[in-house]
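Since the structure comes first, as structure tokens, the remarks are kept for the end.
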Amino acid sequence: MKRCNSFNINKKEIDFVQTLMCGQIFSYKQFENKILVLSGDKQAEVFEFENFYKITTDDIEYFKNFFDLKNDYEKIKQKLILQGGEILAKAIEFGRGIRILKQDLLEVIVSFVFSANNNIKRITASLFELRNKYGTKLNDNFSAFPTLKQLGKINEIEFKKLGAGYRSAQLVKLITQLEELELKNLEKLDTEELRKKLISLSGIGPKVADCILLFGFARIDVFPVDTWIKKVFNLYYGKSDNINQIRKILIDKFGELSGYAQQYLFYYQRSCLKV
DNA sequence: AGCCAGGGACTCC
DNA sequence: GGAGTCCATGGC
């Protein structure tokens, strides 16, 4: 094992509980004295102190970028409050320590296909089992996210055993499609073209594509609309059951900052206003 | 028992 | 290109 290093960060800069629990990532685990964060084949441990966090990892630069620590969120929040009104101001106050993670692309794609019409608890359990059954071992308890080659060996029945249900056939097809694609080449596409390309893949529709764009490609000009965002929209911004219409209205409202607004609203709605 | 969960594919018109 | 319907699975 490589030598472990660490860095500290002030609690004013980020709240790891909020950032990890706001729904953008499934591969983390809270222990009594630390949080373990997994991304692809990398891992970090977060220890909380009175005024700062200590992050221990063998790839400091990766996780400084992963946690988006160089981005100025105070400026983003000020602009968002002007555009989003009272409800967004409340959501930002509630989730003030959130940052949008820059995650491993393959892991985001596969994870959010699992997420379709599913709940976070089940999704998380399935994905940890996917890691442990098919990924390279990191230690006694956790494994790396499977590589594309490792994913290619999983058949439909094995996906069902992971709890993927009717998404199993979609996943098998998706992985063969990904094997014929060069993911890195997609980054040069603009957001709209990339979105169409993603939607053409098996198991990926409008909402999952938007999550992949936001969390895997760092495209902030998208607004994933799920059941929770539908509720927020109909409570505070308008009346519609049409996801595409809701999405257009919200992107129109928040523009280049849509992804940030979406995350604050999602976390606020899911945490506070559970009925 | 029925509805919900970070929806998508398929089938009709 | 929009509206309906079906799709596994576990929690409530």
Side-chain angles (χ1 to χ4, degrees), chain A residues 18-28 91 95 98 100-101 103 105 107-130 154-178 192 195-217 219-220 222-235 237 239-251 254 258-275:
Chain A
Q18 291 177 0
T19 296
L20 295 167
M21 289 189 65
C22 69
Q24 56 182 326
I25 182 168
F26 305 102
S27 56
Y28 69 95
I98 289 176
I100 306 278
L101 300 172
Q103 301 184 51
L105 180 55
E107 180 167 9
V108 168
I109 293 173
V110 174
S111 297
F112 278 90
V113 171
F114 267 86
S115 81
N117 196 25
N118 203 341
N119 63 66
I120 290 180
K121 189 179 174 186
R122 277 191 76 228
I123 300 161
T124 303
S126 291
L127 290 173
F128 269 107
E129 206 179 336
L130 174 67
I154 308 174
N155 63 34
E156 186 176 340
I157 293 171
E158 291 171 314
F159 272 119
K160 283 191 177 171
K161 283 183 189 166
L162 298 174
Y166 61 83
R167 306 165 198 82
S168 300
Q170 298 172 2
L171 282 161
V172 172
K173 188 174 176 188
L174 170 69
I175 286 157
T176 65
Q177 290 172 325
L178 292 177
E192 202 44 48
R195 188 168 189 270
K196 281 180 191 163
K197 182 68 190 171
L198 290 170
I199 290 175
S200 76
L201 301 175
S202 172
I204 301 178
K207 189 269 171 182
V208 170
D210 285 336
C211 286
I212 295 168
L213 286 164
L214 179 56
F215 305 133
F217 284 98
R219 305 293 175 98
I220 312 297
V222 298
F223 206 115
V225 177
D226 69 339
T227 56
W228 298 98
I229 294 297
K230 258 196 252 177
K231 289 175 196 170
V232 176
F233 181 84
N234 281 288
L235 280 171
Y237 290 110
K239 266 206 195 310
S240 177
D241 284 328
N242 186 313
I243 290 175
N244 210 29
Q245 189 182 11
I246 294 173
R247 188 179 138 265
K248 278 178 183 162
I249 293 171
L250 291 171
I251 286 183
F254 294 108
S258 291
Y260 299 112
Q262 196 272 357
Q263 224 27 218
Y264 289 120
L265 290 171
F266 176 83
Y267 181 61
Y268 182 64
Q269 177 69 22
R270 230 188 129 247
S271 308
C272 267
L273 305 176
K274 273 185 190 172
V275 193

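To find a chain, count down the sequence lines: A is the first, B the second, and so on, and within it residues start at 1. Just so it is clear, the structure is predicted and the values come from calculations on it, not from any experiment.
- Protein atom CD of Q269(A) is 10 Å distant from nucleotide atom P of dA5(B), rounded to whole Å.
- Nucleic acid contact class of K231(A) (heavy atoms, under 4.0 Å, all strands): sugar-phosphate only.
- Taking atom P on both nucleotides, dG2(B) is separated from dG6(B) by 23 Å, rounded to a whole Å.
- The list of salt bridge (charged side-chain N to carboxylate O under 4.0 Å, His left out) pairs with a residue in residues 199-217 of chain A, not counting sequence neighbours, reads R195(A)-D210(A), D210(A)-R247(A).
- Distance CZ (R122(A)) to C1' (dG6(B)): 14 Å, rounded to an integer number of Å.
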What's touching nucleotides 1-5 of chain C from the protein side, N or O pairs under 3.5 Å?
none

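- Distance, I100(A) CD1 to dG6(B) C1': 14 Å, rounded to whole Å.
- What separates CG of L162(A) from P of dG10(C) is a distance of 13 Å, to the nearest Å.
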Treat primed atoms plus P, OP1 and OP2 as sugar-phosphate and everything else as base, then score nucleotides 7-13 of chain B 5' to 3': B for base contact with protein heavy atoms under 4.0 Å, S for sugar-phosphate contact only, - for none. BSS----

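- Between the NZ atom of K161(A) and the C1' atom of dT9(C) there is a distance of 17 Å, rounded to whole Å.
- Heavy atoms only, all atoms of each residue included: F223(A) and A261(A) are closest at CE1-CB, 4.1 Å.
- Distance, I123(A) CD1 to dC4(B) C1': 13 Å, rounded to whole Å.
- Sorted by first then second residue, the side-chain hydrogen bond (donor to acceptor under 3.5 Å, both in side chains) pairs that include residues 114-125 of chain A, not counting sequence neighbours, are N117(A)-Y166(A), N118(A)-R122(A).
- Every side-chain contact (heavy atoms from CB on, under 4.5 Å) that I249(A) has, sequence neighbours left out, goes to F233(A), Q245(A).
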Let me see the working for V113(A) and I204(A) under side-chain contact (heavy atoms from CB on, under 4.5 Å), right down to the final yes or no. CA-CA 6 Å; V113(A) 171; I204(A) 301 178; 3.9 Å; yes

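- The same atom, P, is picked in dT5(C) and in dC3(B); the two are 14 Å apart, to the nearest Å.
- Protein atom CD1 of I229(A) is 18 Å distant from nucleotide atom P of dC4(B), rounded to whole Å.
- Nearest heavy atoms, Q24(A) versus L101(A): OE1-N, 2.8 Å.
- Centre separation under 5.5 Å together with a plane angle under 30° holds for the ring of F266(A) and the six-membered base ring of dG6(B), marking them as stacked.
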Residue pair F112(A), F26(A): steps toward the ring-ring contact (aromatic ring centres under 6.0 Å, His included) verdict: CA-CA 10 Å; F112(A) 278 90; F26(A) 305 102; 5.3 Å; yes

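- In this structure, CG in L130(A) is found 9.0 Å from CD in E107(A), a value given to the nearest 0.5 Å.
- Using atom P as the reference point in both dA8(C) and dT11(B), the two lie 15 Å apart (nearest Å).
- Residues meeting the side-chain hydrogen bond (donor to acceptor under 3.5 Å, both in side chains) test with Y264(A), sequence neighbours left out: none.
- Using a 4.0 Å heavy-atom criterion, one finds that Q263(A) contacts the bases of the nucleic acid, with or without backbone contacts as well.
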